[in-house]
Amino acid sequence: MLPLLQAEVVPSGWVSNDAFLAGYGAAQAVPGPLFTFAAFLGASMNQAPAGWLGGLVCLLAIFVPSFLMVVGALPFWERLRRNIRTQAALLGINAAVVGLLLAALYQPVWTSTIHAPQDFGLALVVLIALMFWKLPPWLVVVGGGVAGWFLSVAL
């Protein structure tokens, strides 16, 4: 979703690329990053509606389709859950999501942030902090931001 979302909102001038990437990074520190990011984009838009109204419109726009799908599928859920083909389709979807997440990590996150060996080193430390040290994501985002600022000032 990230590359598709970026291709729609940045070239059209709704938000700047820097604001897009900053909001994406900040949204990763909280539960429900897609919903948080949608509200951030709505609030950050350069066109009306912006501010809290734009955030509310985008938040509703991201919630309503899934809410309607849940309401529509609820009467059939037990039958779908037990269906072998549905289970196989969900396994395939889960595998595809991993590939999509890797693609989103590469473009635009990796290509717009990793320019030098120290950038790669910081990204590696942040990954270790999340995966092995099990630090809270909000702390890793804040720490990574501070470390990135120090790297930009020092070099």
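A pairwise comparison of heavy atoms in A50 and M45 identifies CB-O, 3.3 Å as the closest pair. In plain terms, the two heavy atoms of L59 and A39 that are nearest each other are CD1-CB, 4.2 Å. For the residue pair A129 and V140, the shortest heavy atom distance occurs at CB-CG2, 4.0 Å. Between N83 and R85 the shortest heavy-atom distance is OD1-N, 2.7 Å. In this structure, A38 and C58 approach most closely via the heavy-atom pair O-CB, 3.2 Å. Between A147 and L122, the shortest heavy-atom contact is CB-CD1, 3.6 Å.
A donor-acceptor distance shorter than 3.5 angstrom exists from the side chain of S12 to the backbone of V9, with no hydrogens or angles considered.
Both W52 and L60 belong to a single network of hydrophobic side chains, linked directly or stepwise wherever heavy atoms of I, L, V, M, F, W or Y lie under 4.5 Å apart. Using a 4.5 Å cut-off between side-chain heavy atoms of Ile, Leu, Val, Met, Phe, Trp and Tyr, with links allowed through other members, V125 and L127 fall into different hydrophobic clusters. Criterion: ILVMFWY side-chain heavy atoms under 4.5 Å apart, direct or through other members. Under it, W133 and L130 are part of a common hydrophobic cluster. W77 and M69 fall into different hydrophobic clusters, where Ile, Leu, Val, Met, Phe, Trp and Tyr are joined by side-chain heavy atoms under 4.5 Å apart, directly or via other members. Put simply, F132 and L124 are part of the same group of oily side chains (I, L, V, M, F, W, Y) that touch within less than 4.5 Å, one to the next.
Here CH2 of W14 is found 7.0 Å from CD of E8. Values are rounded to the nearest 0.5 Å. Note: I93 CD1 to L100 CG = 11.0 Å, rounded to the nearest 0.5 Å. The CG atom of L21 lies 4.5 Å from the OG atom of S112; values are rounded to the nearest 0.5 Å. Going from atom CG of L80 over to atom CG of L74 covers 10.5 Å, rounded to the nearest 0.5 Å. Here the OG1-CZ distance, from T86 to R79, works out to 10.0 Å after rounding to the nearest 0.5 Å.
Counted within 6.0 Å of CD on Q87, heavy atoms from surrounding residues, nucleotides or ligands total more than 12; the atom is thus considered enclosed.
Within the 4.5 Å cutoff, the side chain of F120 has no heavy atoms near those of the P117 side chain. With contacts defined as side-chain heavy-atom distances shorter than 4.5 Å, the pair L5/F37 qualifies.
Between F40 and F20, the distance from one ring center to the other does not fall under 6.0 angstrom.
Taking the six-membered ring where tryptophan is involved, the planes of F35 and F63 are essentially parallel, since the angle between them stays under 30° and well short of 60°.
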